[in-house]
Amino acid sequence: MIPLNLLREQPEKVIERLLVKHFDAKNLVNEILEADQKKRSCQKQLDDNYAEQNRIAKSIGMLFKEGKKEEAEAAKKQTAELKEAAKTLESDLAAWEEKINQTLVLLPNMPHSSVPEGKTAEDNVEEYRKGNFEKNFNYLPHWDLCSKKNLIDFETGCKLTGAGFPLYKEKVAKLQRALINFFLDEATKAGYVEVQVPYVVNSDSGYATGQLPDKEGQMYFVNEDKLYLIPTAEVPITNIYRNCLLKASDLPVKHCAYSACFRREAGSYGKDVRGLNRLHQFDKVEIVQIVEPETSYQVLEEMKAHVGGLLEKLGLPFRMIRLCGGDISFTSALTFDFEVYAKGQDKWLEVSSVSNFENFQANRMKLRYKNAEGKTQLLHTLNGSALALPRIVAGILEDYQTTEGDVVVPEVLHPYTGFERF
RNA sequence: GGAAAGAUGGCAGAGUGGUCGAUUGCACCGGUCUUGAAAACCGGCGACUGUAACAGGUCCGGGGGUUCGAAUCCCUCUCUUUCCGCCA
């Protein structure tokens with residue numbers, strides 16, 4: 001949520017920045033500012049009203065103490081009119097506040113100045129690529145390989161649940177477990193404190209990290225208990241600190257967590273959903289940092305380096321891209337995606353997204369700290385996938401294929417898998 | 001699922017109708033002392049809103065009510081703890 005103060009002070013700047021996201025904020029901003037004016041005038045009148053009521057109440061207390069009962073009784077009558085007036089003011093005030101909040105949550109975060117212009121993924125900017133992109137034979141897409149070697153059973157997944165819920169078997173099941181442990185160990189080495197989080201969250205948590213109301217339809221919802229299945233561990237991890245006032249010495253907060261992630265992916269049926277490319281349930285190791293505003297872009301670099309390092313250690317060919325204004329998410333100020341090149345299907349697969357949300361989430365969840373001068377200030381939140389499992393598995397299945405149709409396990413995973421090819 | 005107790009400032013923990021936004025301890029900040037630190041002592045120290053700055057206002061889990069006046073009384077919801085039941 002964009003801080004209201006910023007809207008008051010520089011509304012034009014906000015509107016201009018949001019245009020980079022192709023979001024026309026002009027009307028919303030004006031509505032907010034108007035409601036804010038009205039709200040403040042209500043507030044002023046109400047405060048004066050309360051002050052008067054308080055003054056009378058206190059004087060009645062004094063009168064009773066002094067035994068002047070009659071005067072006290074007389075004073076009581078004075079407050080009736082004030083209370084009546086207060087009622088109207090209170091309901092007006094509540095209405096304006098409601099209006100402000102409902103409108104404010106509709107505004108996306110402002111993109112960082114380095115976010116490139118652009119409308120779609122086509123306009124994203126490739127920053128670098130790394131690894132071996134050579135193709136010396138005809139690599140199979142992972143779904144063909146999987147059905148050939150009976151590694152992943154998509155049909156039975158359909159039988160159990162539906163499309164997008166595959167059943168991983170034997171070596172691939174173990175490969176996934178190995179990857180999870182590898183990713184968690186690497187994150188731990190980098191100073192991230194591991195946590196295990198709930199996979200279902202309430203709506204307060206959803207609002208705080210920005211999934212609600214923006215992505216309501218993308219989350220599985222348990223109606224009976226009014227709870228949402230997490231689309232990413234980012235939600236529970238960041239929400240650990242919802243409504244918290246941290247000390248400067250607590251920072252930076254660094255957490256990692258493995259979790260299953262659940263996404264309805266409504267409206268995305270089509271060519272990109274084959275095999276492991278897009279699933280309703282998948283595993284992911286997530287890294288989150290909560291830091292002082294001055295350091296957040298430096299920390300973003302650190303997180304990018306961590307993710308890039310993982311892909312290098314796995315030996316997968318990949319590139320890093322800077323998302324353009326049209327492709328960047330509602331909550332993010334700056335996002336870098338990491339994409340693995342899958343040789344079998346000749347496609348780039350997004351395996352990580354690393355973002356700085358600046359104070360957008362912190363403002364929603366009142367996540368603050370006391371800075372060096374003792375002032376309370378909103379913190380910055382960042383997160384990244386490190387990494388998302390199924391597409392990494394797809395990458396390994398395709399890029400580590402041999403001419404015999406086997407798959408070689410990346411060397412760093414050998415201690416975790418206990419086997420070297422399958 | 002049943003019963004009981006509870007929810008207060010960054011944390012711990014007093015406070016049961018009238019200067020209580022709240023005693024106290026810890027933490028934190030400043031100072032004295034010290035070569036330096038610790039200890040001790042002195043002082044400061046909640047959040048939000050508002051103001052040029054004061055003032056003013058709101059906040060004792062959430063919501064509602066009683067009252068001139070509520071942290072304190074009533075209703076309700078949520079959560080926590082303990083006991084019982086059930087159970088991985």
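Lettering of chains follows the sequences in order, A, B, ..., and the numbering in each one begins at 1. Atom set for the values below is all heavy atoms of this structure, side chains included, hydrogens, waters and symmetry mates excluded.
Note: CG (A:Leu367) to P (B:G10) measures 14 Å, nearest angstrom. As a whole-Å value, the separation of A:Glu84 CD from B:C68 P is 14 Å. To the nearest angstrom, P of B:G10 lies 14 Å from NZ of A:Lys366. Here the P atom of nucleotide B:G46 and the CG atom of A:Leu246 are 19 Å apart, to the nearest Å. Here B:C11 presents its P atom at 14 Å from OH of A:Tyr241, a figure rounded to the nearest Å. Atom CD in A:Gln377 sits roughly 16 Å away from atom C1' in B:A47 (whole-Å rounding). When rounded to the nearest whole Å, the span between NZ of A:Lys375 and C1' of B:C48 equals 13 Å. Atom CG in A:Asn5 sits about 12 Å away from atom P in B:C48, given to the nearest Å.
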Can you build the contact string for nucleotides 18-29 of chain B? Use B for base contact, S for sugar-phosphate-only contact, and - for no protein heavy atom under 4.0 Å. B--------S--
At under 4.0 Å between heavy atoms, which parts of nucleotides 53-64 of chain B does protein reach? Answer with one letter per nucleotide, 5' to 3': B base, S sugar-phosphate only, - none. ---BSS------
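Distance noted for atom P between B:G25 and B:C45: 14 Å (whole Å). The gap from the P atom of B:A14 to that of B:C87 amounts to 38 Å, rounded to the nearest Å. Remark: the separation of the C1' atoms in B:A22 and B:A12 is 16 Å, to the nearest Å. To the nearest whole angstrom, the two P atoms, one in B:G9 and one in B:C60, are 10 Å apart. When the C1' atom is used for both B:G18 and B:A71, the distance is 14 Å, rounded to whole Å. Taking atom P in both B:G46 and B:C29, one finds a spacing of 15 Å when rounded to whole Å. With P as the reference atom, B:C68 and B:A52 are 37 Å apart, rounded to whole Å. For the P atoms, the distance from B:A7 to B:A88 is 35 Å, rounded to whole Å.
Under the Watson-Crick or G-U wobble criterion, with both distances below 3.5 Å, B:A55 has no partner in any strand shown. Under the Watson-Crick and G-U wobble criteria, each requiring two contacts below 3.5 Å, nucleotide B:C87 is left unpaired. Pair check for B:G21 finds none; no Watson-Crick or G-U wobble contact set falls under 3.5 Å. Base pairing of B:C60: no nucleotide in any strand meets the Watson-Crick or G-U wobble criterion (both distances under 3.5 Å). Pair assignment for B:A71 gives none, since no Watson-Crick or G-U wobble pairing has each distance under 3.5 Å. Look at B:A7: its Watson-Crick or wobble partner, with both distances under 3.5 angstrom, is B:U78. The partner of B:G43 is B:C29, judged by Watson-Crick or G-U wobble contacts that both fall below 3.5 Å.
A:Gln361 and A:Thr209 share no side-chain donor-acceptor pair at under 3.5 Å. Between the side chains of A:Gln289 and A:Glu302, at least one donor N or O lies within less than 3.5 Å of an accepting N or O. Residues A:Asp250 and A:Tyr369 have side chains that never bring a donor and an acceptor to within less than 3.5 angstrom of each other. Side-chain polar atoms of A:Gln43 and A:Asp47 form a donor-acceptor pair below 3.5 angstrom. Neither side chain, A:Gln218 nor A:Tyr228, offers a donor N or O lying under 3.5 Å from an acceptor on the other.
Put simply, the side chain of A:Asn124 gets close to the backbone of A:Cys324: a donor and an acceptor are under 3.5 Å apart.
Among the protein residues, A:Thr376 comes within range of the sugar-phosphate backbone only, with heavy atoms under 4.0 Å from sugar or phosphate atoms but none that close to a base.
Taking only side-chain nitrogens and oxygens, A:Lys370 comes nearer than 4.0 Å to OP1 or OP2 of B:A47. Within the structure, every side-chain polar atom (N or O) of A:Arg368 is placed at least 4.0 Å from both OP1 and OP2 of B:A47.
Cation-pi geometry between A:Lys171 and A:Phe422 is not satisfied (NZ or CZ under 6.0 Å from the ring centre, within 45° of the ring normal).
The residue among A:Leu245 and A:Lys77 whose nearest nucleotide of RNA chain B lies closer to the 5′ end is A:Leu245.
The salt bridge (charged side-chain N to carboxylate O under 4.0 Å, His left out) search around A:Lys313 returns A:Glu186, not counting sequence neighbours.
Expressed to the nearest 0.5 Å, how far CG of A:Asp24 lies from CD1 of A:Ile15 amounts to 8.0 Å.
Separation of the A:His306 and A:Tyr192 ring centroids falls under the 6.0 Å cut-off. If you look at A:Tyr297 and A:His112, their ring centroids are closer than 6.0 Å.
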